[in-house]
Amino acid sequence: MKKKNLVIVESPAKAKTILQYLGDNYLIKASMGHVRDLPKRTLGIDVEKQFTPSYQVLKDKKKLVTELKSLAKKSEAVFIATDPDREGEAIAWHIQEALGLPESDVHRIVFNEITKTAVQNAIQNSRTINHNLVNAQQARRVLDRLIGYKLSPILSKKIRRGLSAGRVQSVAVKLICDREKLIQAFVPEEYWVIQAQLTTKEGPLTVTLCATETPTNKYTVHDENTAQTVTAALEKSTYHIQNIKQTDVSRNPAAPFITSTLQQEASRKLNWTTKKTMMVAQQLYESGLITYMRTDSFRISDDAAAAAKTYINDSFGKNYLATVKKAAKQVKGAQDAHEAIRPSYVDKTPQALKGELGSDEQKLYTLIWNRFIASQMAQAKFKATQIMVSTDKDTPPYFLKATGSIMSFDGFMRVYLEGKDHEDEDPEKTLPPITEKSDLSLKAVASAQKFTQPPHRYSEATLIKEMEERGIGRPSTYSPTISTVLDRGYVEKDKKQLVPTALGQLTDEKLGEFFSEIIDIDFTAEMEKQLDDIMDAKYVWQDVVAKIYSPLVVSLKRADAEMEKVNTDKPTDEICDKCQSPMIIKEGRFGAFMACSGYPECKNTKSMTKPLDVNCPKCNSALIAKRTKKGKVFYGCQGYPACDFALWDEPIPEPCPTCQHPFLIKKTKGRQETVLCPGCNAPVDR
């Protein structure tokens, strides 16, 4: 019987897709990610011996590794097809080491898209494992372990038990805290917007006061008295067109997605977290529908560009084809190892896949497909227009203007338009087609008090944008970094805004005082560059680690000796019902709670969550908001563990008008909120 070739991939979904392209001579097995890592409970790095890591086969992978060893011995050849980035390269190396295979017996294959052509080409062009990529990932892993394991105990000892620090996560917290400081220090300035609503035979026109004496002499009203004076003058004035300026402008389509821009746009348009975006993108990639989703390159292959050109020509006409091929722009510090994120097959339109994909996959695939097609289309054309209006009876005259644009050709906008980070970004106005001879008559003058606004807090989208622009982190780290700072309680979400908690601000302050080099933004960006240089064989990875670790040791000793222990406990008048000691308020991972001051002799604790105005349908006790171990909010009975009633949806203290169930529930999906009765499962119109 002929031996089969063993192909090891990371996930079962990828295995299923690849199998259909390789046939019966291949056996596909999934490693389910890493099979080895540093030990969980010990440092696992010998700092005295060139930072030698001590890897172990993961406990839940021992049975799988045994199976893979057996299959490898029976196979004609072993191919390792883990993801095409340095993390995937490291996983491939760990698999080889765990299976005890000589390097010459392992065929490393990579592909940017899971298509028949790409997979078969990869098999024909296999290579050995790239140890420069492995070393770059190994340096990152060792550094993260050293910083995390050495720094976290200091924070736990001096601030609060269970705290952790990380090389990238602490910088992300710093960015959020620094923005909060700017917001808190911001002093708003008053100003008034004064507008005249005019009528013309061509349509209504609203113009805004901008200048006085001459059109270029900018004029801003800063107080109510002046606003009233100007408004009164404008109400008595007559108006005429001073001039109309029109300029032909073009608008370029956005580039195809890379990891960061995909996460940003899914946040804007779908209201998704970065974690959800990457999870759904992974599913699309493993199903063979999109190219690899962890990339910082805007490049696309010639074949993909040609397929898009054919589709655009056939669907929209020759006028919609891009006339100039633009050079792909580069992200700061980009590795440029893969193509941009695009559909694997242009002819698999979102409409063609309806019914084959789940709701989330359909939404994200549509976003990716539309963005890619639009990126290959012609510019949109506009006439940018400024209408300047002046008053006749005022001395000196006032000048008011309206700006907007008139679209002359929609181009790429026929398919896709990029989202906005903030809802208050100025929308483009459509102006009436008036001329300099048009007659103007005044309908009304309105004034409105305004104040200058502080900088916006970061959202997940804008934080990723900031990190990318500053060279902090890489495509694979954006999502887990944000998840970590939220899970650890350093940051919380207020709608879409990322707000530092008191714990996050305190931790950032202490890290800045004693470990400024670790959370220095330029230092972190330079470290990322050095990791990339290891990948290019410019540095030995142990030298890079040593250069960072040596000053860290000095800082650790100073912090241990000089950092004052922070006491965040707050006294209360309540007495412990078990030992009669005073109760204190402590801050935990999931918020404040009461604990006995006699700890550790007495471990009594109490929740500080206020009962809801909704009673448990099983035992009539009050329901309270609780959190899972991962921080997700749910609603459970106050009588737990005697009563185990719980629900995920927020209860509303109103009876159902149809079946009289004692409370309703609020269901939230994306931006949509609906109210349902849990008794009859019917929507309720409130």
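For this chain, numbers begin at 1 and follow the sequence in order.
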*With side chains defined as the heavy atoms from C-beta onward, is the minimum distance between Ile472 and Leu175 less than 4.5 Å?*
yes
*Does the Ser70 side chain pair with the main chain of Thr66, one donor and one acceptor, at a distance under 3.5 Å?*
no
_Any non-hydrogen side-chain atom of Lys496 less than 4.5 Å from a side-chain atom of Asn271?_
yes
*Side-chain heavy-atom pair Glu356, Glu361 within 4.5 angstrom cut-off*: no
_Strictly by salt bridge (charged side-chain N to carboxylate O under 4.0 Å, His left out), give each pair with a member in residues 36-50 just once, sequence neighbours left out._
Asp37-Arg141
*Output yes when a side-chain donor or acceptor of Ser287 lies under 3.5 Å from a complementary backbone atom of Leu289, and no otherwise.*
no
*Do side-chain atoms of Ser344 reach the backbone of Glu113 as a donor and acceptor pair under 3.5 angstrom?*
no
*Do the side chains of Phe111 and Ile18 get nearer than 4.5 Å, heavy atoms only?*
yes
*Please determine which of Tyr311, Tyr416, Tyr345 meets the ring pair (Phe, Tyr, Trp, His ring centres under 6.0 Å) test together with Trp369.*
Tyr311
*Atom pair CZ/CD1 of Arg108 and Ile8 - distance to nearest 0.5 Å*: 11.0 Å
*Apply the test side chain to side chain donor-acceptor pair (under 3.5 Å) to residues Tyr55 and Gln138: give CA-CA distance (whole Å), side-chain angles for both, the deciding distance (0.1 Å), then the verdict.*
CA-CA 11 Å; Tyr55 295 112; Gln138 191 161 225; 2.8 Å; yes
*Between atom CG of Asp532 and atom NZ of Lys538, what is the distance when rounded to the nearest 0.5 Å?*
9.5 Å
*Mark yes or no for whether Gln120, through its side chain, and Tyr21, through its backbone, hold a donor-acceptor pair below 3.5 Å.*
yes
*Under 4.0 Å between a Lys/Arg side-chain N and an Asp/Glu carboxylate O for Glu517 and Lys547?*
no
*asked:* Whether the side chain of Ser156 engages the backbone of Pro153 through a donor-acceptor N/O pair (distance < 3.5 Å, no angle test) should be reported.
replied: no
*pair Ile300-Thr291: side-chain heavy atoms closer than 4.5 Å*: no
*asked:* Taking Gln169's backbone N and O only, do any of them form a donor-acceptor pair with Thr481's side chain (distance below 3.5 Å, no angle check)?
replied: no
*Residues Arg86 and Glu89 bridged, charged N to O under 4.0 Å*: no
*Rounded to the nearest 0.5 Å, what's the gap from CD on Gln263 to NZ on Lys465? Could you check?*
14.5 Å
*When you check the gap from the basic side-chain N to the acidic O, do Lys276 and Asp360 get nearer than 4.0 Å?*
yes
*Short question: side chain of Lys61, backbone of Ser31 - any donor-acceptor pair under 3.5 Å?*
yes
_For Trp93 and His131, take the angle between the two ring planes, folded into 0 to 90°, and tell me which bin it lands in: parallel under 30, tilted 30 to 60, perpendicular over 60._
perpendicular
*Would you indicate whether Asp60, at its atom CG, is surrounded by more than 12 heavy atoms from other residues, nucleotides or ligands within a distance under 6.0 Å?*
yes
*asked:* Taking the cut-offs as 6.0 angstrom to the six-membered ring centre and 45 degrees off its axis, would you call Arg145 and Tyr149 a cation-pi pair?
replied: yes
*Can a donor-acceptor pair be found between the side chains of Glu460 and Thr274 at a distance below 3.5 Å?*
yes
*asked:* Measuring from atom CG of Leu163 to atom OG of Ser152, what distance do you get when rounded to the nearest 0.5 angstrom?
replied: 8.0 Å
_Set of residues satisfying side chain to side chain contact (heavy atoms under 4.5 Å, CB included) with respect to Pro600, sequence neighbours excluded_ = none
*Measure the CD-CE distance between Gln283 and Met293 for me, rounded to the nearest 0.5 Å.*
10.5 Å
*Among Phe257, Phe298, Tyr285, side chain to side chain contact (heavy atoms under 4.5 Å, CB included) partner for Ile341*: Phe257
*Would you say Met467 and Thr477 make side-chain contact, with heavy atoms under 4.5 Å?*
no
*Verify the distance criterion only: is there a donor paired with an acceptor across the side chains of Ser260 and Glu468 at less than 3.5 Å?*
yes
*Between Met278 and Tyr478, is a side chain to side chain contact (heavy atoms under 4.5 Å, CB included) present by the stated rule, with each step listed?*
CA-CA 10 Å; Met278 296 312 292; Tyr478 299 136; over 6 Å; no
*Could you check if a side-chain atom of Asn125 sits within less than 4.5 angstrom of a side-chain atom of Ile109, using non-hydrogen atoms only?*
no
*Note: Asp105-Lys73 ion pair, threshold 4.0 Å (strictly below)*: no
*Got a sec: does the CE of Met32 have more than 12 other heavy atoms crowding it under 6.0 Å?*
no
*salt_bridge(Glu67, Lys29) N-O dist < 4.0 Å*: yes
_Full working for side chain to side chain contact (heavy atoms under 4.5 Å, CB included) between Leu556 and Phe515_ = CA-CA 8 Å; Leu556 285 165; Phe515 300 96; 3.8 Å; yes
*Any chance you could measure Asp83, atom CG, to Glu286, atom CD, to the nearest 0.5 Å?*
7.5 Å
